[in-house]
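Note that the structure is a prediction, hence the values are computed from the model and not measured. Below, all heavy atoms of this structure are taken into account, side chains as well, without hydrogens, waters or symmetry copies.
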Amino acid sequence: MEPTANTNNVTEFVFTGLFQDPGVQRLCFVVFLPVYLATVLGNSLIVLTISVSRSLHLPMYFFLSSLSLVEIGYSSTVAPKFITDLLTKIKTISLQGCLAQIFFVHFLGVTEILLLVAMAYDRYVAICRPLHYMTIMSPQLCRVLVAGSWLGGFIHSVIQILIAIQLPFCGPNVIDHYFCDLHPLFKLACTDTFVEGVIVLANSGLIALCSFLILVSSYVVILVHLRRHSAEGRHKALSTCASHVTVVTLFFGPAIFLYMRPSSTFTGDKLVAVFYTMITPMLSPVIYTLRNAEVKSAMRRLGGQDREPRDTVKRRK
């Protein structure tokens with residue numbers, strides 16, 4: 001008799017982890033603990049700098065601050081558990097904890113995707129319609145776009161978790177990964193998961209792919225429009241967009257690779273997951289800061305914010 005959703009003898013799962021060798025795991029601990037701390041501190045510094053710097057109270061930086069908050073939450077959903085597990089022989093997580101991790105990974109992941117799309121729209125308006133930029137990108141619209149990103153991530157994650165909670169687990173409980181996600185859980189479910197796999201492909205993979213295509217299209221339009229600008233104007237606009245394009249590529253590349261094809265058990269898949277759950281959230285503040293003179297200048301003034309002259313407030317176009 002085929003098991004039903006009520007057949008569930010599993011109350012916890014065991015992770016295989018990233019590597020099996022204890023020495024390699026200790027080395028990973030030494031590497032990834034500073035990476036996580038740098039992620040939290042770097043993104044927190046961006047949020048603090050933007051919130052207290054009058055020169056950064058512009059739509060572009062409002063989106064950047066929101067993105068940094070998401071990066072902190074996204075990384076914190078996976079990294080602390082992953083890092084502590086590197087020092088333990090048996091890596092376990094409860095069924096409820098596993099479902100919670102799936103929910104927040106997808107919630108914050110899709111929120112980040114939608115925020116990147118909103119940031120691309122902001123750059124499109126700034127470059128292609130500069131005279132109407134402050135009118136179009138009003139504070140109200142910016143808040144709607146950010147709230148819509150969070151709402152879209154929430155709806156996506158609810159769909160994912162509704163799939164996960166109906167899976168029956170009645171046998172092996174070893175997850176061939178270092179955190180909970182739907183594809184590894186599908187392999188443990190004692191029922192056919194073909195339909196669920198198709199739903200996940202449509203819900204996760206297509207969101208990432210379609211958003212990526214929208215982003216690419218927006219920057220093609222921007223590049224075509226820049227042909228009418230002077231060399232100096234092109235350089236300024238491209239410099240502004242370069243950091244965003246870099247972050248988009250680093251985030252979407254691994255996500256599309258993992259979710260737009262059938263799942264596998266290759267160690268390479270885990271390494272790709274490490275890249276977008278650990279490395280990319282750390283690189284984002286570095287990329288945005290190093291390529292943005294206003295942010296670097298505001299960070300240097302952070303200790304004397306009350307002395308910042310009003311004429312430093314500029315419109316980012």
Side-chain angles (χ1 to χ4, degrees), residues 1-18 74 77-78 81-82 91-114 117 151-214 251-277 280:
M1 181 177 178
E2 182 180 351
T4 65
N6 295 324
T7 305
N8 200 333
N9 302 322
V10 175
T11 58
E12 69 174 15
F13 296 101
V14 178
F15 294 129
T16 61
L18 189 60
Y74 183 73
T77 301
V78 175
K81 171 67 174 168
F82 168 55
K91 312 166 189 8
T92 62
I93 187 171
S94 67
L95 176 60
Q96 293 77 13
C98 185
L99 294 175
Q101 197 171 59
I102 290 174
F103 178 85
F104 285 106
V105 164
H106 285 269
F107 174 33
L108 296 169
V110 170
T111 300
E112 179 169 351
I113 287 175
L114 297 178
V117 173
L151 179 60
F154 179 78
I155 293 173
H156 161 83
S157 193
V158 166
I159 295 173
Q160 301 293 76
I161 208 66
L162 287 177
I163 295 173
I165 61 177
Q166 297 183 62
L167 293 175
F169 302 104
C170 51
N173 67 335
V174 178
I175 296 178
D176 187 18
H177 217 306
Y178 64 90
F179 71 96
C180 282
D181 204 357
L182 285 171
H183 283 312
L185 282 188
F186 286 164
K187 297 174 184 176
L188 301 181
C190 47
T191 187
D192 180 62
T193 58
F194 175 78
V195 174
E196 289 83 356
V198 172
I199 295 174
V200 169
L201 176 66
N203 195 27
S204 294
L206 290 182
I207 286 178
L209 180 62
C210 293
S211 299
F212 183 71
L213 293 177
I214 292 173
F251 184 83
F252 279 90
I256 293 174
F257 174 79
L258 289 177
Y259 287 103
M260 285 302 293
R261 63 183 181 83
S263 61
S264 67
T265 58
F266 298 144
T267 302
D269 283 13
K270 299 180 189 178
L271 295 176
V272 170
V274 165
F275 191 81
Y276 74 81
T277 57
T280 300

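Nearest heavy-atom pair across G153 and L114 is N-CD1, 4.1 Å. Minimum interatomic distance between Q101 and V78 (heavy atoms only, all atoms of both residues): NE2-CA, 4.1 Å. What you find for F15 and H177 is that their closest heavy atoms are CB-O, 3.3 Å. Residues S211 and V117 come closest through the heavy atom pair CB-CG2, 4.0 Å. Closest heavy-atom contact between I102 and S157: O-OG, 4.3 Å. Residues I93 and C180 approach most closely at CG2-SG, 4.0 Å, considering heavy atoms.
One finds the CD1 atom of I113 at 11.5 Å from the CZ atom of F212 (value rounded to the nearest 0.5 Å). Atom CG of N173 sits about 11.0 Å away from atom CG of L185, to the nearest 0.5 Å. Distance check, rounded to the nearest 0.5 Å: OG1 of T77 to CZ of F179 gives 10.0 Å. Rounding to the nearest 0.5 angstrom, the gap separating the CG atom in L182 from the CD atom in Q160 is 5.0 Å. A distance of 8.5 Å separates NE2 in H106 from CD1 in I161, rounded to the nearest 0.5 Å. Expressed to the nearest 0.5 Å, how far CZ of F275 lies from OG1 of T280 amounts to 4.5 Å.
For the pair T16 and Y178, the minimum side-chain heavy-atom distance is 4.5 Å or more. Annotation: side chain of I175 is in contact with side chain of L188 (closest heavy-atom distance under 4.5 Å). Proximity of L95 to T11: side-chain heavy atoms (C-beta onward) are nowhere separated by under 4.5 Å. Here the side chains of D176 and K187 are not in contact, with every heavy-atom distance at 4.5 Å or above. With a 4.5 Å cut-off on side-chain heavy atoms, I163 and F186 count as touching.
In this structure, K270 contributes its side chain and G17 its backbone to a donor-acceptor pair below 3.5 Å. Side-chain atoms of T193 never come within 3.5 Å of backbone atoms of E196 as a donor-acceptor pair (strictly under, hydrogens ignored).
Ring geometry for F107 against F104 counts as tilted: the plane angle lies between 30° and 60°, on a 0 to 90° scale. Between F169 and F13, the ring planes lie perpendicular to each other; the angle is over 60°, past the 30° to 60° tilted range.
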(request) Go through the steps to decide whether V158 and F154 satisfy the test side-chain contact (heavy atoms from CB on, under 4.5 Å), and finish with yes or no. (result) CA-CA 6 Å; V158 166; F154 179 78; 3.7 Å; yes

